Amino acid sequence: MREFILAIAAFGAVLLSLSGEGQAAPTFEDVFNRHGTIMLLIDPASGEIENANPAAAKFYGYSQDQLRAMKIQEINTLTRDQVAAERKLAAQENRNYFIFRHRLKDGNVRTVEVHSHPFQFDGRALLFSIIRDISKQRALQNDLWHYQGRLEEMVDQQTDEIRRSSRLQVTVLSVGGVFLLALVLMLWNSLRRQNATQAELVDSETRYREIVEKTQDLISRVDREGQLQFVNHKAETIFGIPPEECIGRSAFDFVHPDDREKTRNAFQDWVANKESYVVFENRQISRDGKVHIVLWTIQIHYDEFGEAETLTSIGRDITTRVNAEQALEKAMLDAENANKAKSQFLASMSHELRTPLNAVLGFAQMLRMSPDAPLSKKQDEYVSSIETGGEHLLQLVGDILDLAKIEADEIHLFLEYVDPKAIAGECISLVRHLAAERSITVDDGFIGKVVPMVRADPIRLKQGLINLLTNAVRYNVDGGKVLVRQEETSDGFLRISVEDTGIGIDKKHSEEIFTIFHRLNVDPTRTVEGAGIGLAVTKQLIERMGGRINFESREGEGSTFWIDVPLSSNRETLVWADNLSVRVPAIDEDHKELIRLINDAGQPGLTAAGAIEICSDLVRYTLYHFRREEALMKVCNYPDMDNHIKQHRTLEAKVKAFQVRVEAGDESARGDLRAFLRDWLVTHIMNVDRLIYDYAVGKEKAIETALQEIS
Ligand code: ADP
């Protein structure tokens, strides 16, 4: 503003001198070339700089000639739209200047106040622009008094001259005075507004600072080279030095040496891919050597040329959580190994038990059928008891063997497209005689319906359905009813349900019912067969086939158990089958588990907490699988390992980002995570993991040792 006043005053002087008296009048060129104010003459139509004074050359860093060959658009960093917006704003705020951002020759960008007025020069209308650098936000208040002092001086000078000049001059000066007064008032007004805005800024900054200083997360900002520009108090814990000592140091200095390269690579990848928001995990090391595992949420800011400018990060110390998870993972693995050992023992024991049992049953039969020694009535009763007990025991041993096989991962499923209507019919006819003994009716709701084909192992599907039907009869009342029904679910399954009018199950047992050896309401006075294994076996088998099992019940009224089997048209549900095998057992094992978890995560009606739990299991297992596969590739000297590991890292970041979304309550995130992992798994298995086999052959022992180290 001051420059503008001075320039106007200088013009006033020019006018006065032109009007006649006084010493030799300064020309416009004199004022333009000698005045320290930055002045430009611009062609309003093309933006070409017609003339620039030496002050402008000094400010912009270009020579006057260079400036005269440029257009104002090369200096003004605002786009055409931004310029238009600023012009509009200036009009709304009733100001006669614009705030622009001008780029100097050395690349620095300055905020400038531009006062522009059209003037006639040699018959051409040019914009006469006076530019003021307001970047440094000088103390306006001081300036104001300074301007006032100067103004008074000027007014005195001019009054003297007025005395000596004509009425016309008096008029000119009066107009100039009013004009100057108006400028002073505007200056006051803008100063007041600026003070108010500053107060608001201070207030909001105080609030933000409070948040930044109280949060338990590490907040930091680095430049594009990774140099720290800001850290909050948490740096003291994670980096081990006071925040002020961190400034100017490279953020990579505080990264654990083993994670430094991965962090640098990730950093470069984000910037190269123009990522603006990433989630990343690494280990930091503090000055005293303490390791912190930190989950970073990073926002990357780019300048108007698309160059990364700064990275603002919020880092959460998840060391305790990760350690707990690792301990839990290890405990789970130990438990799983122990369980496998138990299953192997049971499997061999079951074989051992079956042989003598079959002998006992065979001899009992021979006793009954021997024509030489017919049995007395009493003996016949004893033999019957041996037979019933023996068969029950055999069934039990069969169930145990199944369970052991499932757990030892030795069960083979043969998936095919099967007709559920035929399967249900066969199963119902098998339990009818058992039901008839207690006058229980079994209705087949499939009759008369067109039922779609499902994808399942027919023998195992039958086994599961028979188990539900036997229970519906066993735990029914005499003269009760059983109804078998089917319906398609909205997510691609056929639901086969078995409804009974029996004793029902208390809600509190709903979790335990599928656990092995869990029996409820066992009335000691009634000999109800069963050992609490059937449902556990059925659940495992059905889930292996990509299906689901559940029930609803009201105590004293009856229960409905159902099995959901994937329809043959269902492409969403993955089922492990031999065609997915990569022939490396450890990798196959992981893929099977991942498929199970992916299917589990698709269960309808999961609570929010349930969804978070299952997704975090899925993410954890995915990362665990990556670690195992990488160790395996190393042992095998797999040639494409580096590339493969790189792919893992990218996937890892994506999977973690999904988890963050799930945890934040984003309802679509669970489906997205499943779809992402499902697609990845299938293409990855088909295209990449298969290649590992050739290098893994013959290295089984070394692989086993390497994998043991991981767990
Ligand atoms: P079991 O061989 O004992 O029947 P299951 O695993 O098939 O073993 O069933 C476990 C327990 O669940 C049973 O002991 C019984 O207490 C309960 N149960 C299963 N089905 C029903 C049903 N339809 N009605 C009531 N209770 C049932």
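Predicted model, so just to flag it, every value in this text is computed and none were measured. Order of appearance sets the numbers: ligands from 1, and atoms from 1 within every ligand.
- Atoms of ligand 1 found under 4.0 Å from any heavy atom of Ile513, numbered from 1 in the order shown, are 12 (O), 17 (C).
- Ligand-side atoms of ligand 1 in range of Ile533: 6 (O), 8 (O), range being under 4.0 angstrom from any heavy atom.
- Every N/O-N/O distance between Ile503 and ligand 1 stays at or above 3.5 Å.
- Each of the following atoms of ligand 1 lies closer than 4.0 Å to a heavy atom of Asn467: 7 (O).
- With Arg670 contributing its side chain and Ala601 its backbone, the two residues share a donor-acceptor pair below 3.5 Å.
- Residue contacts with ligand 1 for Thr470 are absent, since no atom lies close enough (heavy atoms, distance under 4.0 Å).
- In this structure, Arg554 places its CZ atom where only 12 or fewer heavy-atom neighbours from other residues, nucleotides or ligands lie under 6.0 Å away.
- In this structure Arg485 satisfies the side-chain contact (heavy atoms from CB on, under 4.5 Å) test together with Leu483, Ser497, Glu499, sequence neighbours excluded.
- The side chain of Asp500, and not its backbone, has at least one atom closer than 4.0 Å to an atom of ligand 1 (non-hydrogen atoms only; side chain from C-beta on).
- Formation of a donor-acceptor pair under 3.5 Å by the Arg674 side chain with backbone atoms of Ile598 is found in this model.
- Taking distance alone, with nitrogen or oxygen atoms compared against 3.5 Å, Leu535 approaches ligand 1 more closely than that limit.
- With Asn476 contributing its side chain and Ala472 its backbone, the two residues share a donor-acceptor pair below 3.5 Å.
- Of all atoms in ligand 1, listed by their number and element, those nearer than 4.0 Å to a heavy atom of Arg474 are 1 (P), 2 (O), 4 (O).
- The pair Glu329-Arg627 meets the salt-bridge criterion, with a side-chain N (NZ, NE, NH1 or NH2) lying under 4.0 Å from an Asp/Glu carboxylate O.
- Taking a 4.0 Å cut-off on heavy atoms, Gly502 fails to register as neighbouring ligand 1.
- Residue pairs meeting the ring-ring contact (aromatic ring centres under 6.0 Å, His included) criterion with at least one partner in residues 425-470, sequence neighbours excluded, are absent.
- For the pair Phe561 and ligand 1, a heavy-atom separation below 4.0 Å is found.
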